[in-house]
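Worth saying up front: this structure is predicted, and the values here are computed from it rather than measured. Counting starts at 1 for both ligands and their atoms, in listed order.
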Amino acid sequence: MQAENSRPEVRLQGIAAAPGVSRGPAYLLFQGKAIIACEKISDVEAEIRRFESALSSTRIEIAKLRNEVASRLGENEAAIFDAHLLVLEDVALIDDVSKEVRQTELNIEHCFQEVAQRYIDIFERMEDDFLRERASDIRDVTGRVMNHLLGARPEHKVQSALQQVVVAKDLTPSETATLPTDGVLAFATEEGGQTGHSAIMARALSIPAVVGVKGLLAAIEEGDTVLVDGLAGLVIVNPTSATIENYRGKEIAIRTQRDRVMQEIRLPDCTRDGHTFAIQANIGGPEDMLGAHEYYAHGVGLYRTENLFLRLDDWPSEEEQYAEYAEVVRRAQGKTVTFRTLDLGGDKRLGDLTDEANPFMGYRAIRLCLDRPDIFRPQLRAILRAAVHGSVAVMFPMISSLDELRQAKQFFQATLKELVDEGVIHSTMPRLGAMIEIPSAALLANHLARELDFFSVGTNDLVQYLLAVDRGNQRIAKLYDPANPAVISTLETIFRAAQNQGIVAAVCGELAGDPHWAPLLIGLGAHELSMTPTAIPEVRYVLRHSTLAELKDLVVRVQSQTEGVVIKKILSDFKLSKLNYH
Ligand code: PEP
Ligand code: MG
């Protein structure tokens, strides 16, 4: 059987970027280059002034879009546009364009296009997946500058793709961020990967998406029906009636499951047999409190305070920090906000302070703070002052020894005393915790627990340091395997230490928000799971539909295995038994 337009069914495999299945008419997004005239000019300086004015209009436009995205999706997604603003500040790019105009005496549009294309080509040729995908960021920003030069209004053609499936070579982050979520059914792109910003945004927007589909544009014509299976990473062009029928069951099952998950979003964090746990939110700034409340997070389990520094690309003053922290605490409306003190370094660089050969093992987080009281002190003062607006806990990142923890605590107490002596309004001593994300801290967990109120396990780093696998290196991504039994027994050691000393054990790395892993974490003894707010509904659902006995049994089954693949299969089967999305 064939689809109505009688073109044959074609199946194309791509990369699953955002879950869900949707089907509809193809909306082919034309992303052809504008034809730019090439003309001799007489006034070079006037041409360069036009360029500067286009740059400044683009800055205003991106800053506006950034704020819209921050309130719609959150600070983490908005940070993409901070990177775009940086492209506009790139001195090398700006100088190259001015030089090109002066040397060739050709119009600015032509010169700008030439230089921008050179930059895009360089990134597109890069071997590293992550860097190659940055070409789409540069294309996005330079396209906006060109629109201003040409006097064209920035178009969001994609916004007219209502009830259609957007098909494109690649989607820029701004195109993805402005997709009407209640209108676009799904999207498929020929380029892009799992770490691409459009894939990240699709997940945050809950739009099914498949990226990196080779031959996509050649296979689709306007008017074709396209089915996007964001779970299997499959695009089916002109599905036959048999395929549609097959998928209809799947689509209904997924929709029904989602509805069910959302219906339980307000119910308490408690297993079927009454074991309580707490789901919390990971945030990067005041705007993210919206999502935390929307999904009924118990509080904030991780406030990544370095985001303010990265957003400003500068060192904020105590007052600037106080203003932001107080806003977060106020918006939390009495729920506890767990501040993580500054975690700069690693892949979070600021200026040349953290520019070094081996950054993940280097001058990072608490190491930097203990070495730089001029940075640590204002942050702790700002946190203690902001704490009077609600409930606050504080934790230190990258603790590797008892000595380091004691130094951090002493510094904290000295800062508190300083505020008392100065008569500055501040809170009393908040609950203090440490991120457990370095293997030595896991091994010392029993000792550390005696001196703390809580642990928060940073699984992102813990896995990286335990397995010696750089968490951001695409080439060795296969080796970054949390199902390695060494990771699981380390988690058990940490939770047992917390239990022995009667302190709270939380997890705030990505594993906490993964419905495959959350049951194992609770079974192993975690009390709190903190995650990106959009991950909350599924995790809450899976746990609410389990009994503690089932979770303990899951732990026993997982711990009897020695191979990661088998462990992942056990976790996947358990998740599917509670939440059947396949
Ligand atoms: C972690 O390491 O798991 C964590 C939550 O911290 P970050 O991802 O910010 O390093
Ligand atoms: Mg970490």
Side-chain angles (χ1 to χ4, degrees), residues 74-77 79 130 195 200 279-285 288 292 297 299-311 337-350 354 358-369 379 393-400 404-405 408 433-442 445 448 454-473 477 480-484 487-488 490-491 494-495 504-514 517-518 520-521 524 526 528-533 535-536 539:
E75 281 298 332
N76 285 342
E77 283 69 24
F130 182 79
T195 53
I200 294 170
I279 296 194
Q280 299 190 303
N282 289 355
I283 67 161
D288 294 347
V300 171
L302 167 63
Y303 173 14
R304 290 184 160 102
T305 57
E306 60 279 0
N307 277 23
L308 170 66
F309 295 62
L310 295 169
R311 246 181 284 138
V337 177
T338 309
F339 279 73
R340 175 175 71 186
T341 63
L342 198 59
D343 183 10
L344 280 175
D347 56 350
K348 301 172 209 165
R349 321 269 177 94
L350 186 62
T354 54
N358 206 349
F360 271 117
M361 307 265 245
Y363 196 56
R364 188 186 160 187
I366 197 69
R367 302 169 180 185
L368 183 159
C369 286
Q379 175 172 53
V394 175
M395 63 183 179
F396 306 114
M398 293 275 292
I399 291 291
S400 65
E404 210 169 30
L405 173 65
M435 297 273 300
I436 305 294
E437 50 187 348
I438 295 185
S440 59
L448 294 171
F454 66 97
F455 282 162
S456 187
V457 186
T459 52
N460 306 341
D461 277 315
L462 185 63
V463 173
Q464 131 164 302
Y465 294 127
L466 260 176
L467 306 182
V469 178
D470 179 344
R471 65 194 251 194
N473 186 336
Y480 186 94
D481 183 13
N484 184 317
V487 174
I488 294 161
T490 306
L491 291 170
I494 301 168
F495 298 144
V504 169
V507 181
C508 64
E510 291 301 299
L511 289 190
D514 184 333
W517 282 89
L520 187 78
L521 295 172
L524 279 166
E528 298 176 357
L529 301 178
S530 191
M531 62 201 70
T532 184
I536 293 177
V539 170

*Which value, rounded to the nearest 0.5 Å, describes the distance between I494 atom CD1 and L524 atom CG?*
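It comes to 10.0 Å.
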*From L350 atom CG to L310 atom CG, the distance as rounded to the nearest 0.5 Å*: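 With rounding to 0.5 Å, CG (L350) is 6.5 Å from CG (L310).
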*ligand 1 and E306, any nitrogen or oxygen pair closer than 3.5 angstrom?*
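Min N/O separation from ligand 1 is not below 3.5 Å for E306.
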_Does any N or O of ligand 1 fall below 3.5 Å from an N or O anywhere on E510, backbone included?_
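E510 vs ligand 1: no N/O contact under 3.5 Å.
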Sub-3.5 Å donor-acceptor pair from the side chain of [X] to the main-chain atoms of [Y], do we have one?
X    : Y    : value
T338 : V300 : yes
E306 : L344 : no
S400 : S440 : no

*salt_bridge(R304, D343) N-O dist < 4.0 Å*: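 Salt bridge absent between R304 and D343.
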*For atom 1 (C) of ligand 1, which of C508, G346, G458, G284 has the closest heavy atom?*
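Looking at heavy atoms only, G458 sits closest to atom 1 (C) of ligand 1.
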*Proximal candidate to atom 6 (O) of ligand 1 [heavy atom criterion; set E437, M531, R340]*: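 When every heavy atom of E437, M531, R340 is considered, R340 comes closest to atom 6 (O) of ligand 1.
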*Heavy atom under 4.0 Å from ligand 1: found in L302's side chain, backbone, both, or neither?*
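Side chain only; the backbone of L302 stays clear of ligand 1.
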*Within reach of ligand 1, part of M398 (heavy-atom separation under 4.0 Å)*: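 Neither part.
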*Residue and atom names of protein N/O/S atoms that fall under 2.8 Å from the Mg ion (ligand 2)*: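 Short answer, with waters excluded from the count: E437 OE1, D461 OD2.
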*Given side chains that start at C-beta, do those of D288 and Y303 come closer than 4.5 Å, heavy atoms only?*
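Heavy-atom side-chain distance check fails, nothing below 4.5 Å.
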Which pair of heavy atoms, one from [X] and one from [Y], lies closest together, and at what distance?
X    : Y    : value
A365 : M398 : CB-CG, 3.3 Å
L529 : A518 : CD1-CB, 3.7 Å
T490 : A442 : CG2-CB, 3.5 Å

*asked:* Suppose we measure from atom 8 (O) of ligand 1 to each protein heavy atom; which comes out shortest, and what is that distance?
replied: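 Protein heavy atom with the smallest distance to atom 8 (O) of ligand 1: R471 NH2, 2.7 Å.
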*asked:* Suppose I only count heavy atoms of M435 and a 4.0 Å limit; which atoms of ligand 1 are within that range?
replied: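 By the 4.0 Å cutoff, the relevant atoms are 4 (C), 5 (C), 6 (O).
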*asked:* Show me which atoms of ligand 1 lie under 4.0 Å from any heavy atom of R364.
replied: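 Within the 4.0 Å cut-off of R364, ligand 1 contributes 10 (O).
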